**Student:** 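I have a structure I would like to understand better, so I am pasting it below and will then ask my questions one at a time.
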Amino acid sequence: MTSLSLYNTRTRTKEPFTPIDPENVRAYLCGPTVYDRAHIGNARNVVIFDVLIRLLRRLYPKVTYVRNITDVDDKINVRAQERGVSIEEVTEAPINWYREDMGALYTLPPDIEPRATEHIPEIIAIIEKLILNGHAYEAEGHVLFSVASDPQYGKFSGRTPDELLAGARVDVAPYKREAGDFVLWKPSTPDLPGWESPWGRGRPGWHIECSAMSWRHLGENFDIHGGGDDLIFPHHENEIAQSCCAFPGSHFANVWVHNRMLLVNGEKMSKSLGNFLVLHEVLEKAPGEAVRFMLMRAHYRQTLDFSDAGLAEARKELDRFYRAIQLHPNARERKVPLHLVFDALLDDLNTPQAIAALHKYADLAFAGNEVGAVALKAAGELLGLFNMSPEEWLLGDGFDQVEVDRLTNLRIAARLRKDFVESDRIRDVLLKEHGVIIEDGPGGSFKLRKA
RNA sequence: GGUCCGGUGGCAGAGUGGUGAUGCAGCGGACUGCAAAUCCGUGUAUGUGGGUUCGAUUCCCGCCCGGACCUCCA
């Protein structure tokens with residue numbers, strides 16, 4: 001078996017993955033800011049990282065997977081003020097929704113799910129270090145990171161200081177020394193959430209919470225940091241600047257894994273376009289496994305168009321796999337080689353190629369070889385697929401069991417007396433009134449599946 | 001404007017310096033009472049113009065088209 005290669009945003013190349021500590025691989029994924037329902041783009045991120053974590057767990061004895069919850073932020077504050085409630089009351093439901101929705105996609109929960117509000121001491125500690133090291137300064141109650149103090153700044157996202165300056169399209173606050181300087185700590189008015197700090201009552205800026213939480217739970221240096229590619233700048237650039245300047249000699253994350261954005265029916269998802277797909281709503285119309293599968297049908301570094309047609313195809317492909325598994329209900333579990341799937345995933349998580357391998361296993365199963373079905377199930381575990389029985393997937397229980405039984409019995413009788421007009425009529429009733437397709441097998445046997 | 005990424009058959013979507021995966025859809029056939037599922041067979045697909053090479057879809061350059069990022073969006 002070859003070893004794992006990952007495309008590293010830091011070096012812009014695909015490189016072999018070498019853990020800092022093979023006994024404990026440490027990975028961090030930028031989690032949600034909790035003020036609303038998760039959207040389908042969040043789902044891609046989590047599903048892809050889930051595949052990576054599952055793969056790492058096969059390769060290494062221990063993996064520590066940290067995914068944060070950002071539960072203090074200006075958007076949250078606005079919601080709280082609008083509703084006249086605390087930020088805890090705003091964030092509670094979205095946190096639960098997020099866990100439910102991601103669970104419905106069969107993603108494994110992180111080992112540690114730290115919250116920004118529970119890491120204020122670490123945030124303050126890092127800011128103090130930055131001030132001490134001359135990388136941050138206080139101005140009008142704010143603490144700002146000084147971009148000019150960090151010669152490495154901009155390198156990660158491939159920007160020169162000039163470009164950064166030219167690109168600054170927001171109004172530059174007067175207390176900033178340079179337009180590119182960003183806030184580490186900002187003062188809170190009494191009506192806003194705040195914590196006591198050496199700079200007065202205030203709250204953290206964006207970016208600093210991830211530096212604090214990854215430091216606390218994974219250390220100054222860790223293996224993998226993931227997120228959507230829109231976070232490369234400014235979020236991750238700033239995280240790197242903060243962490244590396246706070247801890248001289250450290251390099252923060254070794255490998256940066258970024259997934260591309262998602263399109264919805266060919267357009268970028270945005271609230272103004274009205275094509276903002278809320279994951280919860282997608283899950284009301286399609287099985288979680290189909291959504292998960294669809295997100296795996298394109299390579300993670302490729303733009304993926306989330307369309308109804310694509311979702312329908314994903315379902316059909318899963319149908320085929322479940323049929324292949326169903327063909328061998330008594331297949332004995334045993335070790336089977338999964339080179340095809342492993343090799344695909346080891347090569348920078350090539351999920352489309354892994355899916356092609358799944359089809360090869362299905363071919364084998366359909367040809368009568370139960371090894372195909374065993375391999376399919378084993379590969380499914382690695383990919384987070386085939387979480388239910390074939391019967392549950394193909395038929396489910398959303399139909400009138402008693403009536404369907406009665407009709408199928410009538411049809412058996414009709415077929416026995418070769419009354420095909422009647423048996424075809426019953427088949428039609430089953431489909432049109434019960435949404436059930438009946439498939440005849442050898443010797444009068446049959447299978448049911450939902451249309 | 002700057003930086004970066006991509007353009008593969010009807011659609012989705014991989015790989016590769018040397019006869020272009022995989023799935024869906026289509027067409028023909030086998031099987032079936034008929035279907036469905038399955039199996040077999042099938043299709044002038046690598047945006048465009050140059051260059052390098054014995055040979056390019058793959059490497060290099062130009063062009064066209066599309067997309068992302070450029071301070072709080074995964």
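Each chain gets a letter, A, B and so on, in the order the sequences are listed, and its residues count up from 1. Note that the structure is a prediction, hence the values are computed from the model and not measured.
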**Student:** Base, sugar-phosphate or nothing for A:Asn238? Non-hydrogen atoms, less than 4.0 Å.
**Tutor:**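 Since no nucleic acid heavy atom lies under 4.0 Å of A:Asn238, the category is nothing.
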**Student:** Which parts of residues 40-49 of chain A get close to RNA chain B, meaning a heavy atom less than 4.0 angstrom away?
**Tutor:**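 Contacting residues: A:Gly41, A:Asn42.
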**Student:** Please tell me if A:Asn350 has a side-chain N or O lying less than 4.0 Å from either OP1 or OP2 of B:G15.
**Tutor:**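 Checking A:Asn350 against B:G15: at least one side-chain N or O falls below 4.0 Å of OP1 or OP2.
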**Student:** Report the residue (A:Arg415 or A:Ile355) whose heavy-atom-nearest nucleotide on RNA chain B is the more 5′ of the two.
**Tutor:**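 Closer to the 5' end of RNA chain B: A:Ile355.
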**Student:** I'd like to know if A:Glu313 reaches the base of B:G23 with its side chain, counting only an N/O donor and acceptor under 3.5 Å.
**Tutor:**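 By the distance-only test, yes, there is a pair.
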**Student:** If you measure from the Lys or Arg side-chain nitrogens to the Asp or Glu carboxylate oxygens, is any gap between A:Glu113 and A:Arg67 under 4.0 Å?
**Tutor:**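 Salt bridge flag = yes for A:Arg67 with A:Glu113.
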**Student:** Suppose you measure atom P in B:G47 against the same atom in B:A14; what distance do you get, rounded to whole Å?
**Tutor:**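 Here B:G47 and B:A14 have their P atoms 15 Å from each other.
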**Student:** Check this for me: does any side-chain nitrogen of one of A:Arg411 and A:Asp440 sit under 4.0 Å from a carboxylate oxygen of the other?
**Tutor:**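 So A:Arg411 pairs with A:Asp440 through a salt bridge.
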**Student:** Quick test of your reading of the model: are A:Arg54 and A:Asp50 salt-bridged, counting only N-O distances below 4.0 Å?
**Tutor:**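 Here A:Arg54 pairs with A:Asp50 in a salt bridge, since their nearest N and O are under 4.0 Å apart.
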**Student:** Give the residues of residues 416-435 of chain A touching RNA chain B, defined as any heavy atom closer than 4.0 Å, sorted by residue number.
**Tutor:**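 A:Phe420, A:Ser423, A:Asp424, A:Arg427, in order of number.
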**Student:** Of the listed nucleotides (B:C39, B:C72, B:C69), which one gets closest to any side-chain atom of A:Trp206?
**Tutor:**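 Given the options B:C39, B:C72, B:C69, the side chain of A:Trp206 is closest to B:C72.
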**Student:** Take atom C1' in B:C65 and the same atom in B:U48, then report the distance between them in whole Å.
**Tutor:**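 Rounded to whole Å, the distance is 10 Å.
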**Student:** Contact list please: residues 356-370 of chain A against RNA chain B, heavy atoms, distance less than 4.0 Å, in numerical order.
**Tutor:**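 Contacting residues: A:Ala356, A:His359, A:Asp363, A:Phe366.
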**Student:** Taking A:Lys14 first and then A:Asp347, would you say they form a salt bridge - that is, a charged N and a carboxylate O separated by under 4.0 Å?
**Tutor:**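 So A:Lys14 pairs with A:Asp347 through a salt bridge.
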**Student:** Using a 3.5 Å cut-off on both pairing distances, which stems of three or more Watson-Crick or G-U pairs include RNA chain B?
**Tutor:**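 The stems that RNA chain B takes part in, listed by first number, are B:1-7 with B:64-70, B:10-12 with B:22-24, B:26-30 with B:38-42, B:47-51 with B:59-63.
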**Student:** Can you check the distance between B:G10 and B:A25, where both ends of the measurement are the C1' atom (answer in whole Å)?
**Tutor:**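 Looking at atom C1' only, B:G10 and B:A25 are 7 Å apart.
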**Student:** Is A:Asp319 salt-bridged to A:Lys316, going by a charged N under 4.0 Å from an acidic O?
**Tutor:**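 No salt bridge links A:Asp319 with A:Lys316.
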**Student:** Of the candidate nucleotides B:U38, B:C24, B:G13, which contains the atom at the shortest distance from the side chain of A:Arg323?
**Tutor:**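 The answer is B:U38.
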**Student:** With sequence neighbours excluded, tell me which residues meet side-chain contact (heavy atoms from CB on, under 4.5 Å) with A:Leu431.
**Tutor:**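 By the side-chain contact (heavy atoms from CB on, under 4.5 Å) rule, A:Leu431 matches A:Ile437, A:Ala451.
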**Student:** In residues 371-396 of chain A, which ones come under 4.0 Å of RNA chain B, going by heavy atoms?
**Tutor:**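 Within this stretch, nothing sits under 4.0 Å of the strand.
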**Student:** Is it true that A:Arg260 and A:Asp229 have a side-chain N and a carboxylate O under 4.0 angstrom from each other?
**Tutor:**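 Yes, A:Arg260 and A:Asp229 are salt-bridged.
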**Student:** Work out how far the P atom of B:G9 is from that of B:A45, and round it to whole angstrom.
**Tutor:**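 Here B:G9 and B:A45 have their P atoms 9 Å from each other.
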